[in-house]
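Structure, as structure tokens:
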Amino acid sequence: MNTKQGTFSGLKLLSTVVVLAALLIPSTGTAQDVAVGQATATVLAILTVTATSALAFGNVYQGVPKPIAKDNADAGVFRIVGEEDADVAIYFQLPDYLATATGDDRMVISFSATDLNVDTTAASTPAGFVATDGWIDQDPHNVTTAADIGSTATDLYLGGEVIPSVDQTAGAYTGDIVLTVAYTGT
Amino acid sequence: MNRSQKHLSSIAGALRRVSVFLVFTLALSASNLVAGVLVAPTVIFLSSDSRTGRMTLQNLGDTPQEVSVFFSFGLPTSDSLGDVRVRLQDSAVTDPKACLDWVRAFPRRLIMPPNGTQVVRFVANPPRDLADGEYWARIVVKTQDATPNIPEPSGEGQITTKLNMVMQTAVMLKYRHGDVFCELELKGASATFRDQIVEVMIDANNVGNASYLGVLSCQLVDATGREVATKRTQLAVYRDMRRRVMIPIPEGEFVRPFEINLNITSKGRTDIAAEDMLYGNDIEYSAVVE
């Protein structure tokens, strides 16, 4: 077990202890024949979607396509944290091009039908991912199956490719990758 | 309130705060976060008796986040293969059970500082002639870096790129009015064995006027009655649902044919407070794996 999982489990245990302690308080009060106080602690269910690493193409050159594989250190990494063993629906809205701030030029960006890995163990890295960690070679345009969050979290590793034209205008190009996550069990 | 009561009350309050904090910390510890917002709880319940609700957001990153909150509509639906999806629909929603036109959120746009916390409140103003039942909307929390750094080209003729990661968390909002109930009917179930995986398929129908939230438990046993594997998953049935569950067969000497024991119950949900649960019927079903 790695350090992250250890910390996670420890906190989970501590959280459980606190909840149990809170639930025990009314019986203590009754034993002392004093106030009948309701002491309950509600642990809120959470859903967190974060980008732990942006898909980074860095500098590119005119006429030279630059792919970033999903198992590359520069791949985009998203993490979903939520209810254990709950299923979540995942949708990517991916750009067709990047544009300059003034909008005077744009650069094609593409995502293939195998540019996504889904790591339901959340214990790996883009480079260390293997098929048994989740689902390999998924289509980011159409993630057909709801992902199981697993015991801790689910990570998504996204690759892609930018294709500058031979007369691409020099400058800074930006675009948005939108990830939408929803529980399917609520 | 006497001294003992006050003491108990203060301890309970402190524990409640510590508990919520621990949940937040739990998520924080999970990774080195660049950007993202925690959302809790994952379902908001409103009713004719309590038309307001609240949601807590926390910025987990070390940069300010631009957050917008809006409503959409999308129920879990399944295809013929039993894969469940949630398709969000922002406009032209015609579903009679949609409530996104008469619920409001405050605030709707905000900037959250690093590690900042914000409460978003919801209020419902339903029409007067509303029929009994449950009405639905999706609360979409959209977050992105408030101050994205666009890398400037350092040299003449250089081309730089930057992709902004935008996250949307879609959480269910349910408004209950009058007498509400849920009742699940199992229209069919089957289980097939293929490539060391048992594929369970169930067809269910909710005949109530509220969503059925529950847990689907599958227990696979071999011909001697020995347990082979189990699988537990959350279930939400709004109308019809075809649901597939894949159960990998572990290593071991098991005697075929296998039998699958299914249990569907609205008890045992740990993500929803008991006072918010609408308990429906339980279903048990067994079948031989083909």
Side-chain angles (χ1 to χ4, degrees), chain A residues 4 7-8 11-12 14-15 18-19 21-22 25 29 34-35 37 39 41-55 57-60 76 79 81 83 85-87 89 98 144-146 152-153 162 164 168 170-186, chain B residues 2 4-5 8-9 11-12 15-16 18-20 22-23 25-27 29-36 38-43 56 60 74 76 83-86 88 138 150-153 156-172 213 232-236 271 273:
Chain A
K4 283 179 189 173
T7 310
F8 200 88
L11 285 167
K12 208 168 188 175
L14 186 56
S15 177
V18 169
V19 174
I25 286 173
V34 290
T42 303
V43 179
L44 299 176
I46 62 161
L47 181 59
T48 309
V49 186
T50 53
T52 58
S53 180
L55 176 58
F57 292 98
N59 294 343
V60 299
R79 170 159 287 196
V81 178
E83 186 74 8
D85 290 334
D87 287 347
L98 308 182
T144 54
T145 309
T152 55
V162 287
Q168 193 80 52
Y173 290 76
T174 62
D176 291 346
I177 292 177
V178 182
L179 170 63
T180 303
V181 173
Y183 275 126
T184 63
T186 58
Chain B
N2 62 30
S4 298
Q5 284 174 310
L8 284 172
S9 178
I11 290 174
L15 285 172
R16 192 177 294 118
V18 168
S19 178
V20 172
L22 282 172
V23 173
T25 311
L26 202 66
S29 66
S31 64
N32 300 315
L33 302 167
V34 172
L38 178 150
V39 175
T42 52
V43 190
T56 302
L60 304 176
D83 290 328
V84 182
R85 302 178 180 212
V86 178
L88 295 183
R138 288 270 175 186
I150 299 173
E152 286 298 321
E156 191 175 342
Q158 197 174 40
I159 302 170
T160 62
T161 59
K162 163 79 175 180
L163 279 160
N164 304 311
M165 302 303 207
V166 181
M167 272 68 67
Q168 293 192 150
T169 309
V171 167
M172 204 71 197
L213 300 182
R232 184 180 187 273
T233 189
Q234 294 179 353
L235 191 70
D271 58 326

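Quick note on labels: first sequence line is chain A, next is B, and so on, each numbered from 1. Keep in mind it's a predicted model, so treat the numbers as computed, not measured.
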TODO: Kindly write out the residues that satisfy side chain to side chain donor-acceptor pair (under 3.5 Å) with A:Asn59, not counting sequence neighbours, or none if the list is empty.
DONE: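 Partners of A:Asn59 by the side chain to side chain donor-acceptor pair (under 3.5 Å) criterion come out as none, since no residue qualifies.
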Open item on the list: Can you list everything that forms a side chain to side chain donor-acceptor pair (under 3.5 Å) with A:Thr180? Sequence neighbours excluded, please.
Closed with: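 B:Gln168.
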Task: Nearest heavy atoms of A:Thr186 and B:Arg138, plus distance in Å - done: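 Residues A:Thr186 and B:Arg138, closest heavy atoms: OG1-NH1, 4.5 Å.
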Task: Least distance between heavy atoms, B:Met167 atom then A:Ala51 atom - done: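 Closest approach of B:Met167 to A:Ala51: CE-N, 3.7 Å.
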Using a 4.5 Å cut-off on heavy atoms from C-beta on, say whether the side chain of [Y] contacts that of [X].
X	Y	value
B:Leu163	A:Leu98	yes
B:Met165	A:Leu55	yes
A:Tyr183	B:Val43	no
A:Asp176	B:Asn164	yes

Task: Reported CD1-to-CD distance for the pair B:Ile159 and A:Gln168, which is rounded to 0.5 angstrom - done: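 Answer rounded to 0.5 Å: 5.0 Å.
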- [ ] Report the C-alpha separation of B:Leu60 and A:Thr50 in whole Å, then their side-chain angles, then the decisive distance to 0.1 Å, and conclude whether the side-chain contact (heavy atoms from CB on, under 4.5 Å) test is met.
- [x] CA-CA 8 Å; B:Leu60 304 176; A:Thr50 53; 4.2 Å; yes
Open item on the list: I'd like to know which of A:Gly171, A:Pro164, A:Ala170 tops the heavy-atom pair count under 4.5 Å against chain B.
Closed with: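 Highest number of heavy-atom pairs under 4.5 Å: A:Gly171.
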Open item on the list: Using a 4.5 angstrom heavy-atom cutoff, name the option from A:Ala182, A:Gly76, A:Ala172, A:Gly185 with the most pairs to chain B.
Closed with: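 Looking at each of A:Ala182, A:Gly76, A:Ala172, A:Gly185 in turn, A:Gly185 comes out on top.
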- [ ] State whether the side chain of B:Thr42 and the backbone N or O of A:Ile46 hold a donor-acceptor pair below 3.5 Å, judged by distance alone.
- [x]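 Not confirmed, B:Thr42 side chain does not pair with A:Ile46 backbone.
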- [ ] Counting only heavy atoms closer than 4.5 Å, note whether B:Leu213 contacts chain A via side chain, backbone, both or neither.
- [x]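 The side chain, not the backbone.
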